[in-house]
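When a residue number appears, it is its place in the shown sequence, counting from 1.
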Amino acid sequence: MDLLSRVIGLLGLLSMVSVVSGIGANWGTQTTHPLPPETVVKLLRENGIQKVKLFDADYGTLNALAKSGIEVMVGIPNDMLSSLASSVKAAERWVSKNVSTHITSNNVNIRYVAVGNEPFLETYNGSYLRTTYPALQNIQSALIKAGLSNQVKVTVPQNADVYESSTGLPSGGDFRTDIHDLMLTIVKFLSDCGSPFTVNIYPFISLYTDSNFPVEYGFFDGNASPINDGGTNYYNMFDANHDTLVHALQKNGFGNLPIIIGEIGWPADGDRNANIEYARRFNQGFMSHISGGKGTPLRPGPIDAYLFSLIDEDAKSIDPGNFERHWGIFTFDGIPKYALNLGTTNSGTLIPARNVHYQERKWCVMRASALLDDAQIAPSVSYACGLADCTSLGYGTSCGNLDAKGNISYAFNSYFQRQDQLDRACKFSNLSTITKTDPSFGNCRFEIMIEPYYGGVEGTLGCLHKSLGLATCLFLILLAIL
C-alpha cells in the first residue's frame, strides 16, 4: 500500500510538472549590457521556465544551458540561410558545431532548430524566398547524418502574415497567395519530418497598426463582442488568428500538423498602448487562457508556446516602433516588470535575477545652470539618443511625464550609462554634469547599467573602449577565442 501511495504521488507530481512546464520564453541577446548567460539560466530555472527559444547558436549561451534540463530551440539567423541553402557541407558543419557538440559533450537538451526567423515577412520583399526551403532541407539532411533527426526537429518560425482570410473569418483561412505553393512545400516537408509549424502571433501589432482595432479583442477577458464563424464564437484575436492557420492547414490536407506558438506577448513601454497595465493583462490572460489545456475552438488541448520575451533588448532595431526594445517580462537587469503568475513557482510571482552586479550609482544629467534655449541642446540630445536608447520618452510612455530638463537629462544619462560611465561621456557642451542623486521620477527609471559581460569574442571586443589596458583586453580576447 505504501508503494502504491508513492506511485500515485509520483504520478500526481508528474502531471503537475507537465502542466506547469508548458510555457517557454524567447531569450534574445540584442542588448548593450547583457546579463551573464549563467545568470539568465538561473533566472529561467528559478521561474520554472522549462523551454527557451534562441535566435542564434551562441556558444556561451548554449554552454550555460548544459545539464539544466531546459528544452532548447536554437536559431539560424536569416543572413545565414543563403550559405546553408547552397551547401550541404556547410549545413553539416553548422549542425556539428552548434547541435551535435552541445548535445554529446555538454548535455544540452536541444529539441528544435529554427531555420530562419519570419523569413517570408512581407517587409523583407522576398529576400529569403529562394533560400529558406533549401536551407531547411540541408539542415534536416545534416541532422539525419548526425543521427539526431528523431531527437531534434527542424521548423521555420513564421509571422502570422503568411496566411490570410478571404472572408475575414477563421474559416476563410489559407496561405498567402504570393507564397502559397512555397508554403505547401514547406508544410509537407515539416509533416514528413514529424516537425511542427511554428507561428508568431501578436495582437499588439494589430492594435499598433490599426487605430480602429477593437482593443478588448486583443485580450482574454471575454469583454469583446465575439466574432461568429458559422456558429463558432471567437472572443479574442489569438484564438481567431490561430484557427485561421488551422483552417489553412486543413484546407491543404495537413489538418493534424502540430503548431507551436513561437512568439506571443505584449510590450510594456515605447507606445501609448505598450504599458505595464496592458502587458500584465495580456500575458496573465494568455497564461490563464492556456493553463487549463482547453486550447482553441479548432484545436482543443494544450498549447505549446514561448512568451516574447524574457528580457528587454536595448539594441534592437526600432524600425517597427519604439516598443521593440520593451517586450521583456523582465527588465534588462532581470527585475520583474509586473506581477505575473506563470503557474510555475510556489510564490505565484516572478523571481528576479540574483547577484546582478551594477556599475557605480551615478548619473549624467542636465546642469541646473544650463539654459533650455541653448543652441547645443538639440544636437546634443540627438547625438545621445542616436547612440543610446530614448524609447521610454514620448507620449504615453513610462517617462512621458518628464519636463523638458528631465527629457534632456534622460537622454544624456542613457548615453553615459551605455558608455560605461566614462567621464568623457558626460561632457555635452557644458550642458551636463554627473550626480549621485538618483533622478528617477515616478515610473520613469534612470538606468544604471550592469557591469559589462565580456562573453565570447564579440562581447570581449567591447573591452577595447574600457580603461582596462590593452594587455588586459587582448588577454580577455585570447581567452574568448580559446
Side-chain angles (χ1 to χ4, degrees), residues 17-31 34-77 98-103 106-118 148 151-157 195-196 198-201 258-265 283 286-287 290 302-313 316 327-334 336-337 340 342-345 350-354 453 455-456:
V17 169
S18 68
V19 171
V20 299
S21 66
I23 194 65
N26 285 267
W27 176 2
T29 54
Q30 295 184 60
T31 175
L35 288 165
E38 293 78 14
T39 301
V40 179
V41 172
K42 288 179 183 176
L43 181 71
L44 289 165
R45 296 185 70 176
E46 292 196 346
N47 282 282
I49 299 172
Q50 292 295 314
K51 300 184 299 182
V52 68
K53 178 170 166 280
L54 309 174
F55 294 91
D56 53 26
D58 174 71
Y59 179 84
T61 301
L62 286 166
N63 196 49
L65 286 160
K67 300 177 183 177
S68 68
I70 294 172
E71 185 179 295
V72 181
M73 180 186 293
V74 295
I76 297 175
N98 300 299
V99 181
S100 303
T101 298
H102 287 290
I103 289 175
N106 299 333
N107 198 18
V108 180
N109 186 20
I110 297 175
R111 300 294 298 278
Y112 300 101
V113 174
V115 182
N117 182 48
E118 301 186 334
L148 294 171
Q151 177 181 346
V152 183
K153 298 298 181 181
V154 290
T155 188
V156 182
S195 294
T198 302
V199 63
N200 304 335
I201 298 178
I259 295 173
I260 288 177
I261 308 303
E263 299 176 17
I264 186 166
N283 284 326
F286 179 70
M287 291 306 304
I290 69 171
I303 288 177
D304 194 358
Y306 296 82
L307 288 178
F308 192 87
S309 66
L310 187 66
I311 299 171
D312 279 353
E313 299 173 77
K316 284 191 73 176
W327 289 98
I329 56 176
F330 293 93
T331 55
F332 74 98
D333 49 351
K337 293 184 184 177
L340 181 62
L342 299 178
T344 55
T345 62
L350 295 176
I351 298 170
R354 302 186 189 277
Y453 166 70

Please step through side-chain contact (heavy atoms from CB on, under 4.5 Å) for the pair Thr331 and Ile311, ending with a clear verdict.
CA-CA 6 Å; Thr331 55; Ile311 299 171; over 6 Å; no
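- Nearest heavy-atom pair, Asn26 versus Ser309, reported as atom, atom and distance to 0.1 Å: O-CB, 3.6 Å.
- Listed for the Asn47 side chain is a donor-acceptor partner under 3.5 Å among the backbone atoms of Leu43.
- For the side chain to side chain contact (heavy atoms under 4.5 Å, CB included) with Asp58, the qualifying choice from Leu62, Thr61, Leu54 is Thr61, the only one to do so.
- Remark: the backbone N or O of Val108 is not paired with any side-chain donor or acceptor of Asn106 at under 3.5 angstrom.
- When all heavy atoms are compared, the tightest approach of Ala353 to Thr39 is CB-CG2, 4.1 Å.
- Heavy-atom minimum distance, Trp327 versus Asp312: N-OD1, 3.5 Å.
- Annotation: side chain of Phe330 is in contact with side chain of Leu310 (closest heavy-atom distance under 4.5 Å).
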Before giving the answer on side-chain contact (heavy atoms from CB on, under 4.5 Å), spell out for Tyr112 and Thr198 the whole-Å C-alpha distance, their side-chain angles and the decisive distance to 0.1 Å.
CA-CA 11 Å; Tyr112 300 101; Thr198 302; over 6 Å; no
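- For residues 65-75, the pairs satisfying side-chain hydrogen bond (donor to acceptor under 3.5 Å, both in side chains) are Glu71-Arg111, with sequence neighbours left out.
- Between Ile23 atom CD1 and Gln50 atom CD the span is 12.0 Å, to the nearest 0.5 Å.
- A donor-acceptor contact shorter than 3.5 Å links the side chain of Glu313 to the backbone of Gln30.
- Phe308 approaches Phe55 most closely through the heavy-atom pair CE1-CZ, 3.7 Å.
- Contact annotation: the side chain of Ile110 never approaches that of Asn98 to less than 4.5 Å [non-hydrogen atoms, C-beta and beyond].
- With rounding to the nearest 0.5 Å, the separation of CG in Leu350 from CG in Leu340 is 4.5 Å.
- Scanning all heavy atoms of the two residues, the minimum distance from Ala114 to Met73 falls at CB-SD, 3.8 Å.
- Side-chain atoms of Asp56 do not come within 3.5 Å of backbone N or O of Pro77 as any donor-acceptor pair.
- The structure places CD1 of Ile201 at 8.0 Å from CD1 of Ile259, a figure rounded to the nearest 0.5 Å.
- Between Asn63 and Pro37, the closest side-chain pair of non-hydrogen atoms is not below 4.5 Å.
- Ile103 is listed as a side-chain neighbour of Gln151, based on a closest heavy-atom distance under 4.5 Å.
- Within the 4.5 Å cutoff, the side chain of Ser195 has heavy atoms near those of the Val154 side chain.
- Atom-to-atom distance recorded for Ile329:CD1 and Ile49:CD1 is 5.0 Å, nearest 0.5 angstrom.
- How far CE of Met287 is from CG of Leu307: 6.0 Å, rounded to the nearest 0.5 Å.
- Looking at heavy atoms from C-beta onward, Val41 lies in side-chain contact with Trp27 at the 4.5 angstrom threshold.
- Take Lys316 and apply the salt bridge (Lys or Arg N to Asp or Glu O under 4.0 Å) test, not counting sequence neighbours, and it matches Glu324.
- Contact between Pro157 and Gly116 at its shortest, heavy atoms only, is CD-O, 3.4 Å.
- Rounded to the nearest 0.5 Å, atoms CD (Glu46) and OG1 (Thr345) are 10.5 Å apart.
- For Lys53 (side chain) and Gly24 (main-chain N/O), no donor-acceptor pair under 3.5 Å exists by modelled atom type.
- Although no hydrogens or angles enter the test, the distance criterion places a donor-acceptor pair under 3.5 Å between the side chain of Thr155 and the main chain of Pro196.
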